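Have a look at the structure below, then the notes.
Sequential numbering from 1 along the given sequence is applied to the chain's residues. Values reported hereafter were calculated over all heavy atoms of this structure, with side chains retained and with hydrogens, waters and symmetry mates removed. The structure presented is a predicted model; accordingly, all values stated were derived computationally and were not measured.
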Amino acid sequence: MKTARAGTVSELLVAWSQGDIDAREALVPLVHRELRRRAAAYLRRERRDHTLQPTALVNEAYVRLLGQHRASWQNRAQFFGVAAQIMRRVLVDYARERQAAKRPGGIRITLDEAARVEPPVECEVLMLNEALEALARLDERQAQIVELKYFGGLSEEDVAAVLSLSRATVTREWQSARAWLYLRMTKGRRTLS
């Protein structure tokens with residue numbers, strides 16, 4: 001069996017893009033440890049009593065990744081960037097489902113009552129998602145950089161490679177995006193308290 005070198009992963013991804021199912025199957029064990037490590041990192045940022053485990057997050061991401069029939073995989077960094085996007089969507093979907101399950105049917109809360117309530121911890125991922133979507137409407141590239149670095153765990157060099165940018169541009173855009181998101185998210189908390 002081949003080692004988990006970045007070149008090997010990239011080669012298997014290209015072969016998978018060309019329809020080689022065996023390449024896809026050979027890829028799974030090579031990327032599993034890294035995906036699980038990243039999933040564990042995402043979940044450490046979540047509330048302490050989160051019921052979704054890293055393995056479950058990776059498995060759901062695999063199901064969605066395997067559904068990418070028309071994906072044109074270029075390299076390892078791009079693959080992990082897409083995996084980051086998918087894991088983010090899984091976490092957002094999970095948070096939305098949990099929030100919907102907690103809503104009691106038929107009970108209405110006035111805006112005055114809602115304004116006095118702190119948002120529950122599980123809403124953090126939803127707030128970040130909303131802020132990231134707002135950022136994407138303003139600057140899609142900055143939103144991509146945040147997603148690749150924060151959710152994908154990619155280095156600035158990897159982000160630069162995926163987006164065909166210089167590392168200096170990635171650094172500058174990352175700093176700007178972080179500041180914008182911080183202001184957006186803290187403004188949202190202040191208006192709720």
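A salt bridge links R64 and D93; the closest N-O separation between the charged side-chain nitrogens and carboxylate oxygens is under 4.0 Å.
With Q78 contributing its side chain and Q74 its backbone, the two residues share a donor-acceptor pair below 3.5 Å. Looking at S17, its side chain does come within 3.5 Å of a backbone N or O of L13 through a donor-acceptor pair.
Taking the side chain as every heavy atom from C-beta outward, V14 and N75 never approach each other to under 4.5 Å. No side-chain heavy atom of D158 sits less than 4.5 Å from a side-chain heavy atom of F80. The shortest distance between side-chain heavy atoms of L154 and R38 falls below 4.5 Å. For the pair V162 and L148, the minimum side-chain heavy-atom distance is below 4.5 Å. Using a 4.5 Å cut-off on side-chain heavy atoms (C-beta onward), W180 and L138 make contact. When side chains are defined from C-beta on, L132 does not count as touching Y150, because their heavy atoms never get closer than 4.5 Å. In this structure the side chain of V146 never reaches within 4.5 angstrom of the side chain of R178, judged on heavy atoms. In this structure, the side chains of D20 and L12 stay at 4.5 Å or more apart for every pair of heavy atoms.
Counting all heavy atoms, side chain and backbone alike, A15 lies closest to A23 at CB-CB, 3.6 Å. Taking every heavy atom of both residues into account, P54 and A39 meet most closely at O-CB, 3.8 Å.
In the hydrophobic cluster analysis, where Ile, Leu, Val, Met, Phe, Trp and Tyr join through side-chain heavy atoms closer than 4.5 angstrom, V28 is grouped together with V58.
Here CE of M87 is found 12.0 Å from CD of E147. Values are rounded to the nearest 0.5 Å. With values rounded to the nearest 0.5 angstrom, Q144 atom CD is found 5.0 Å from L163 atom CG. Distance CZ/R88 to CG/N129: 4.5 Å, rounded to 0.5 Å.
For the ring-ring contact (aromatic ring centres under 6.0 Å, His included) test, no residue two or more places apart in sequence or in another chain qualifies with Y182.
Side-chain contact, E157 with S155: a donor N or O sits under 3.5 Å from an acceptor N or O.
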Checklist entry - Would V159 and E156 satisfy side-chain contact (heavy atoms from CB on, under 4.5 Å), going step by step from the backbone distance to the final call? => result CA-CA 5 Å; V159 172; E156 289 182 357; 5.6 Å; no
Item to check | Verdict with supporting geometry, E140 and L135, side-chain contact (heavy atoms from CB on, under 4.5 Å) | outcome: CA-CA 7 Å; E140 187 173 344; L135 178 60; over 6 Å; no
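For the side-chain contact (heavy atoms from CB on, under 4.5 Å) criterion with E60, the lone passing option out of V90, L65, L91 is V90.
Between H32 and Y62, the two ring planes are parallel [angle under 30°; tilted spans 30° to 60°].
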